[in-house]
Amino acid sequence: MQQIINNFTLHDFSEVKSTNDTAFELIINNQAFDKHIIIAHKQSSGKGRMDRKWLSFEGNLYFSTILKIDNINNIYNYSLLTACILGSTLQEFNIKTYYKWPNDIIFCDKKLSGILLQMQQINNINYLIIGIGVNLKDAPDYAISLQDYNISKEDFLNKFTKIFNQYLEQYNNFGFLPIKNQWLKNSYKIGKKIKLSNNMEGIFKTIDDNGNLLLQDNNGKIHKILSEEVFI
Ligand code: BTN
C-alpha cells in the first residue's frame, strides 16, 4: 500500500526481512525513489550496526528512508542529521532524548532508537538508505521503550517527515555546521570519560566539522575517531 505524507511516499508492508533490504530491492526494480519510505510492522531479519541483529518485536517502528545523494564523502553527516531529526520528532511528544555518537538515541540513559546507514550506487545514482528502529512499544533489557506514551506509528511518521523536510532544507542551504551545533547541544556524554569498542578510553571532547569524534587520552593527546571504525 502506498501513501504520501509531507512529500514522502510510504510503502507499507506487514512483514519483510529488513526494510533496508526491501528499500534496495524496490529501487533496483524502479518501484522506489528519492524520499520514499519503506515501513514494516515486523522484520524477520532486522539488522543493526556492526553485523548485529535488530530484534523486531511487533508494535515497534521499523522503517527505511531513501535519499538520493550527490556527495558520497559526506554520508556520515547523515547519521548526525538523522539523530537530530529523531530527537526533534520525539521532542514534539515532550520526550527529551540525547544523541549518542555516532547514531543512537538515548532516553533515560538507555537506547531508544538506532540508525543504520547503507549506501549503494544503482544506475549511476547514489542512494543512501537510512534505516531506523524506534522502540515505541517494547524493548530488550538493555534498552527502553515508549510504551507509556501511546505514540502511534502514523503520528510519529507524520511529525518525522515534516521535520525531515525542514532539516534537509537547512542542510542543503547551510551545510553541516548548524546540524553539528544542534547535535552537540543534545549529545550524550560530552565532556565525560568514555570507552570505545576498540577499548580506547578518554574524554569525549567534541565532534569535528565532519562528524568525527575527538577523544582526549590520559596524556592529553586528541584522537580523531571515524564513525565507520569505532563506536561508544
Ligand atoms: C543499530 O542501532 O545498530 C541500528 C539499528 C537499525 C534498525 C533499523 S530497523 C529498520 C531498518 N531495517 C533494518 O534491518 N535495520 C534498520
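Side chains are part of it too, since the values below use all heavy atoms of this structure and drop only hydrogens, waters and symmetry mates. Numbering of ligands and ligand atoms starts at 1, following listing order.
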Output yes when the distance from some N or O of ligand 1 to some N or O of [X] is under 3.5 Å, and no in every other case.
{"X": "S45", "answer": "no"}
{"X": "S18", "answer": "yes"}
{"X": "Y62", "answer": "no"}

Quick one: which ligand 1 atoms are inside 4.0 Å of a heavy atom on [X]?
{"X": "G46", "value": "14 (O)"}
{"X": "N20", "value": "11 (C), 12 (N)"}
{"X": "D104", "value": "2 (O)"}
{"X": "F63", "value": "10 (C)"}
{"X": "I115", "value": "4 (C)"}
{"X": "T19", "value": "10 (C), 11 (C), 12 (N)"}
{"X": "R49", "value": "1 (C), 3 (O), 4 (C)"}
{"X": "R52", "value": "3 (O)"}

What distance do [X] atom [atom1] and [Y] atom [atom2] have between them, rounded to the nearest 0.5 Å?
{"X": "S64", "Y": "L116", "atom1": "OG", "atom2": "CG", "result": "8.0 Å"}
{"X": "S79", "Y": "W183", "atom1": "OG", "atom2": "CH2", "result": "10.0 Å"}
{"X": "I28", "Y": "I122", "atom1": "CD1", "atom2": "CD1", "result": "4.5 Å"}
{"X": "T206", "Y": "F204", "atom1": "OG1", "atom2": "CZ", "result": "7.0 Å"}

Exercise for review: From the options N6, I163, T89, select the one residue that forms a side chain to side chain contact (heavy atoms under 4.5 Å, CB included) with N158.
Suggested key: N6
**Study point:** From N135, L146, L55, residue fulfilling side chain to side chain contact (heavy atoms under 4.5 Å, CB included) relative to N60
**Key:** N135
**Study point:** Any M50 heavy atom less than 4.0 Å to ligand 1
**Key:** no
Check your understanding: Is NZ or CZ of K159 both nearer than 6.0 Å to the six-membered ring centre of F93 and within 45° of the ring axis?
Key -> yes
Point to revise | Face-on cation placement of K100 at Y188 ring, 6.0 Å and 45° thresholds | key: no
Residue and atom name of the nearest protein heavy atom (relative to [atom]), distance in Å to one decimal:
{"atom": "atom 2 (O) of ligand 1", "value": "K111 NZ, 2.5 Å"}
{"atom": "atom 5 (C) of ligand 1", "value": "W54 CE3, 3.3 Å"}
{"atom": "atom 6 (C) of ligand 1", "value": "K47 O, 3.6 Å"}
{"atom": "atom 12 (N) of ligand 1", "value": "Q43 OE1, 2.9 Å"}

**Study point:** Salt bridge D208-K180, side-chain N to carboxylate O under 4.0 Å
**Key:** no
Review point. In terms of the angle between their ring planes, are F63 and F156 parallel, tilted or perpendicular, with boundaries placed at 30° and 60°?
Key: perpendicular
Check your understanding: Should the ring pair F160 and F164 be called parallel, tilted or perpendicular, given that the plane angle runs from 0 to 90° and is split at 30 and 60?
Key -> perpendicular
Practice item. Examine the proximity of ligand 1 to I132 and report which part, side chain or backbone, both or neither, has a heavy atom under 4.0 Å away. Key: backbone
